[in-house]
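Chain letters run A, B, ... following the sequence lines, proteins first, then strands; residues in each count from 1.
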Amino acid sequence: MMITVIDYKMGNLHSVMNALSFIGAEATVSSDIADLRRADKLILPGVGAFPDAMAALEASGLKDEIIAECRDGKPLLGICLGMQLLFEESLEFGRTKGLGLIPGRVIPIDAKGLKIPHMGWNSLTHHCSDKLIDGVADGDYVYFVHSFRADTTDEYIISSSHYGEKIPAIVKALDMNVRGAQFHPEKSHDTGLKMFRNFADIK
Amino acid sequence: MLAKRIIPCLDVKDGRVVKGVNFVGLRDAGDIVDNAKYYNSCGADEVCFLDITATHEGRKTFALQVERAAKELFVPLTVGGGIGTVDDFRTMLLAGADKVSVNSAAVKNPKLVSDAAEKFGSQCVVVAIDAKRVGINGRGEGIFHVFVHGGRIDTGIDVFDWACEVADRGAGEILLTSMDADGTKCGFDNELTGKVANMLSIPVIASGGAGAPSHFLDTFNAGADAALAATLFHFRQLEILDLKKYLRDNGVEVRL
């Protein structure tokens, strides 16, 4: 079982690789389309701005390949910006089309006077069961750093957090093996490592 | 709701963890990787490594040690000490740090804060401020100046003005150390911490003076978003889990 962490030059991939290596998963970092095809599973990480990320995915040809692999049933986990890219569009710095794998868009957090970014440990509330959260309890804490959030309907939300308003924390597609985490599982201690193990076990 | 964070800080010299008492008189407290593993397992919400090595060779050793430690740490890692350029930020981020803290170099060149924030994002730019009480104003409030070079030099800059400037320049967080309280174990300077925390829209980490669980409760009640301590945790005078239980029992949201 080989996990490929997609490298499109947006942010640091070491932490994700450290976590995967710690749980004993076989993983590589690659921006090569052939590697994405060969991989059993994909992780789409990312830190930075949405428009830059989409431009990088388009320029490298990775965008079409990711969409094709997901439609083909390959499991994918988006992390942070990588989760936001799964949606149809984002309003960060104008309006940019995303991968469109999950219905919804990405909008600024309305924190009602709380500090932005939403940075730190916040607790999860689960709305349905999912393999990714096997063994993760309601109320477990995970580590967030973000200023934008997904705006989507309940059927796509596995878990949420609260920060001034409801923040979709883990999302999923209904017709594909695609999931996303708004927080950083690689920085979320045992809870995050458990999710990587669950992802590695997903068939 | 967001949890208040407890951050152990490790002073590192030539790849070994030490802790200064009032910034002088170092004591060895072990290997950096062992410390990282220990704090990862005992409830730390974040870990901070501060490089106090002065030499170029020592700095290179530090980056290598950060890389080793990052493999054992699954909470955010902040590193600082001797950060002077955007390239230093890059080196530390590539070694596995999540945030980089800058102190004296930002005072000398405030543009470094904006440049690093633009290049890597505000979330990884921490500005460390060493503050010292230098007097009292007409309203009976403390006047605090920014000190640099390990607290030896008074820049004459007002702490509150400086905190606002670095926040405007894109700092993601302030690590605020009270030079007066540091090493005393008599509690954080909450006049200082509360004022900075309440005037800024970015998180403030209280530092200097932690000696008992109630000190953490007081500083969180004053407005701090996180609290940092070194000796208290290194020498196991206080276990982080016990501290968090105490905070939770006193109505503070913590990750337990």
Of the backbone (N, CA, C, O) and the side chain (C-beta and beyond), which part of B:Glu67 lies under 4.5 Å from a heavy atom of chain A, both, or neither?
-> neither
So which of B:Asp225, B:Leu256, B:Leu200 has the biggest tally of heavy-atom pairs under 4.5 Å with chain A?
-> B:Asp225
Under 6.0 Å between ring centres, would you say that holds for A:Phe50 and A:Phe93?
-> no
With a cut-off of under 6.0 Å to the ring centre and 45° to the axis, is B:Arg236 in cation-pi contact with B:Tyr38?
-> yes
Bottom line for B:Arg5: the part with an atom under 4.5 Å from chain A's heavy atoms is side chain
Can you measure from OG (A:Ser159) to CG (A:Asp138) and round to the nearest 0.5 angstrom?
-> 8.0 Å
Engaged part of A:Leu193 at the chain B interface, taking heavy atoms whose separation is under 4.5 Å = side chain
Bottom line for B:Lys119: the part with an atom under 4.5 Å from chain A's heavy atoms is neither
Does the separation of the ring centres of B:Phe216 and B:Phe188 fall below 6.0 angstrom?
-> yes
A:His14: ring-ring contact (aromatic ring centres under 6.0 Å, His included) partners, not counting sequence neighbours | none
Between B:Asp98 and chain A, which part of the residue has a heavy atom less than 4.5 Å away: side chain, backbone, both or neither?
-> side chain
If you count heavy-atom pairs under 4.5 Å between each of B:Ala226, B:Ser201, B:Ala95, B:Cys124 and chain A, which one has the most?
-> B:Ser201
Measure distances from A:Ser188 to the heavy atoms of chain B and classify the residue's part below 4.5 Å as side chain, backbone, both or neither.
-> backbone
Below 4.5 Å from any heavy atom of chain B, which atoms of A:His184 appear? Answer side chain, backbone, both or neither.
-> neither
Heavy-atom pair count under 4.5 Å with chain B, highest-scoring of A:Met119, A:Glu186, A:His146, A:His162 | A:Met119
Identify whether NZ of Lys or CZ of Arg in B:Lys195 sits under 6.0 Å from the centre of the six-membered ring of B:Phe160 and within 45° of that ring's axis.
-> yes
A:Arg95, CZ: over 12 other non-hydrogen atoms inside 6.0 angstrom = no
